[in-house]
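Here the structure comes first, spelled out in structure tokens, and everything after it is commentary.
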2 protein chains.
Amino acid sequence: MNPSLTLVTRQGNLPVSQHVSCNECSLNPVCLPLAVSSDQLSELEQIMKRGRPLKRGEHLYRASDTFESVYAVRSGALKSYSLSEEGDEQVTGFYLPGEIVGMDGISTAHHMSSVKALETASVCEIPFDKLEQLSQRIPSLQHHFFALMSREIQADRELHMLLSKKAADDRVAHLLLSISARHQRRGLSASSFRLPMSRYDIANYLGLAVETVSRIFTRFQQNSLIRAEGREVEILDRGALCNVGRAETQRRA
Amino acid sequence: MNPSLTLVTRQGNLPVSQHVSCNECSLNPVCLPLAVSSDQLSELEQIMKRGRPLKRGEHLYRASDTFESVYAVRSGALKSYSLSEEGDEQVTGFYLPGEIVGMDGISTAHHMSSVKALETASVCEIPFDKLEQLSQRIPSLQHHFFALMSREIQADRELHMLLSKKAADDRVAHLLLSISARHQRRGLSASSFRLPMSRYDIANYLGLAVETVSRIFTRFQQNSLIRAEGREVEILDRGALCNVGRAETQRRA
DNA sequence: CGCACTGTTGATCCAGCTCAACTTAAGTGG
DNA sequence: CCACTTAAGTTGAGCTGGATCAACAGTGCG
């Protein structure tokens with residue numbers, strides 16, 4: 001609770017710069033290591049730090065903190081958000097294991113959003129200046145980071161379309177499919193998973209009211225597209241979920 | 001009209017790799033050169049190519065073209081857009097002189113969107129593989145590109161908030177202010193300019209109906225926030241324009 | 001075991017969409 | 001250079017998807 005106490009605990013129990021071993025990490029095939037050859041991996045490991053896990057609700061960083069590092073998610077889940085001038089929250093993204101968070105803020109030297117843990121989560125910290133230096137020597141690493149950011153931009157463009165053109169059902173369906181795909185990528189079940197975020201966060205992210213999201217979950221369930229119990233979700237009819245908005249009116253028994 | 005004829009014209013009249021001289025370019029202070037020292041500028045100029053200008057409606061590239069280059073806008077204006085599975089267009093961005101377009105597609109080796117000229121426009125082509133090589137040797141260039149992409153991500157996050165939380169007036173006001181700021185950055189008038197894009201494109205970009213955008217222009221004009229005549233716009237009350245959505249109901253005579 | 005958070009459901013309302021008619025501007029060919 | 005076509009923009013009227021307000025049901029943490 002007390003900041004200085006937290007600091008002591010962190011530095012006392014878990015050395016801040018504990019050695020990171022990507023080879024022993026199950027995320028190896030989906031995370032940063034895929035960008036570098038095995039003999040260069042140790043160089044990457046050298047600059048990475050692993051901190052103590054974050055508890056639900058704890059911040060990884062806050063908007064206006066100075067930008068120093070990007071982070072690879074090891075476990076758990078995080079959300080990024082920012083506040084408008086009027087003070088209301090906009091959830092801007094969700095981050096699952098194997099994904100990189102914190103790439104905003106490179107240009108301003110300050111983070112432009114805040115990131116907090118949705119559940120107990122741990123991350124590998126990658127000091128960005130070190131990463132830039134390393135990228136000078138490892139072309140594939142430089143390329144990988146350009147590609148990562150490019151993919152982030154692409155995803156944002158897709159979201160742009162979702163928010164500007166698609167109805168509420170589509171948006172929710174899209175999110176479910178996105179989470180599903182990201183699970184599958186890690187070798188987990190694509191059809192059965194637990195959502196790490198609340199209905200509130202989903203609604204906020206998708207530009208909808210909580211009530212609307214809730215109703216849509218219910219409707220999807222009634223139409224046997226999914227089975228949902230709280231945050232536990234099972235995808236029953238992936239095809240139909242992809243086509244929500246296409247066959248808008250479910251004229252089925 | 002005939003592709004091969006166009007090709008001849010291009011290569012005949014204007015060599016594809018015509019030397020680019022950033023020092024003689026008025027965009028020098030807002031474009032790429034700001035990333036490199038003057039003695040390294042020639043290296044950058046070396047890899048850039050200037051093609052023939054694009055006419056209104058011509059494509060710079062199309063979605064699924066192989067990704068080879070990014071482009072710095074020299075003059076005119078461009079829009080990027082993509083098509084949904086149902087075939088309708090989503091305008092994803094507008095690009096003005098001094099700005100870089102084409103940074104999607106790095107990860108896939110194919111462009112994920114199309115870019116076409118809104119009016120006669122010219123660009124400097126920057127082959128991306130060459131740029132990566134150069135970035136290996138010029139840290140500030142590498143950093144600048146990371147920063148550029150980071151800023152793109154930031155802008156997308158802001159747009160996310162705009163689309164998910166803000167009312168139609170806010171969205172239009174925001175766009176006008178954005179165009180204004182980008183004009184100012186180039187040393188042009190911040191308060192008086194010509195919009196390069198149609199009402200249709202504005203509406204599409206902001207996730208609104210054309211009619212709504214048109215009505216809002218009219219309303220802004222009635223309330224003396226702007227003076228608008230077709231695409232010609234003058235900002236009369238910048239403060240009020242920033243606060244649209246704050247003082248929603250204009251209880252004024 | 002109680003208080004606060006998270007989620008669901010119902011009823012009502014309104015911002016912005018759709019449809020429609022019309023005006024103005026911009027090409028285009030004779 | 002003007003008549004004609006087509007695209008771009010504006011205005012009006014009415015409809016609707018999703019927001020808002022409200023009440024209630026789990027759920028879980030301290």
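Just so it is clear: chains get the letters A, B, ... in the order the sequence lines come, proteins before strands, and each one is counted from 1.
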Nearest whole Å is fine: how far is [N] [atom2] from [X] [atom1]?
X	N	atom1	atom2	result
Glu229(A)	dA25(D)	CD	P	19 Å
Ile216(B)	dC17(C)	CD1	P	8 Å
Glu119(B)	dA25(C)	CD	P	19 Å
Arg231(A)	dT8(C)	CZ	P	11 Å
Met197(A)	dT6(C)	CE	P	14 Å
Lys165(A)	dG17(D)	NZ	C1'	17 Å
Phe217(A)	dT6(C)	CZ	P	15 Å
Leu208(B)	dT18(C)	CG	C1'	14 Å

[N], OP1 or OP2 - any side-chain N/O from [X] closer than 4.0 Å?
X	N	value
Arg199(A)	dT8(C)	yes
Thr218(A)	dT8(C)	no
Arg56(B)	dG27(C)	yes
Arg215(A)	dG10(C)	no
Ser198(A)	dT6(C)	no

Pick base, sugar-phosphate or nothing for [X], based on heavy-atom distances below 4.0 Å to the nucleic acid.
X	result
Ser214(A)	base
Arg219(A)	nothing
Arg171(B)	nothing
Ala209(A)	base

Determine, step by step, whether Glu152(B) and Arg157(A) satisfy the salt bridge (Lys or Arg N to Asp or Glu O under 4.0 Å) criterion, reporting the C-alpha distance in whole Å, the side-chain angles of both residues, the deciding distance to 0.1 Å, and the verdict.
CA-CA 11 Å; Glu152(B) 193 111 355; Arg157(A) 299 292 146 89; 2.9 Å; yes
Tell me whether the centres of the aromatic rings in Phe67(A) and His110(A) are closer together than 6.0 Å.
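So the answer is no for these two rings.
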Spatial distance of atom CE (Met161(B)) from atom OG1 (Thr92(A)) [nearest 0.5 Å]
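Nearest 0.5 Å value for the CE-OG1 distance: 8.5 Å.
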Toward the 5' end of DNA chain C, which comes first, Tyr200(A) or Lys166(B), by nearest nucleotide?
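The residue closer to the strand's 5' end, by nearest nucleotide, is Tyr200(A).
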Hey, is Glu99(B) close enough to Arg74(B) for a salt bridge, meaning N to O under 4.0 Å?
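No, no charged N to carboxylate O under 4.0 Å.
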For Glu89(A), is there an ion pair with Lys79(A) - N to carboxylate O distance below 4.0 angstrom?
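Looking at Lys79(A) and Glu89(A), the cut-off is met.
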In terms of side-chain heavy atoms of Asp169(A), which of dG18(D), dC17(C), dA8(D) is nearest?
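Of all the options, the side chain of Asp169(A) is nearest to dG18(D).
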From the set dA20(C), dA22(D), dG16(C), return the single nucleotide nearest to any side-chain atom of Glu211(B).
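For Glu211(B), the side-chain atoms sit closest to dA20(C).
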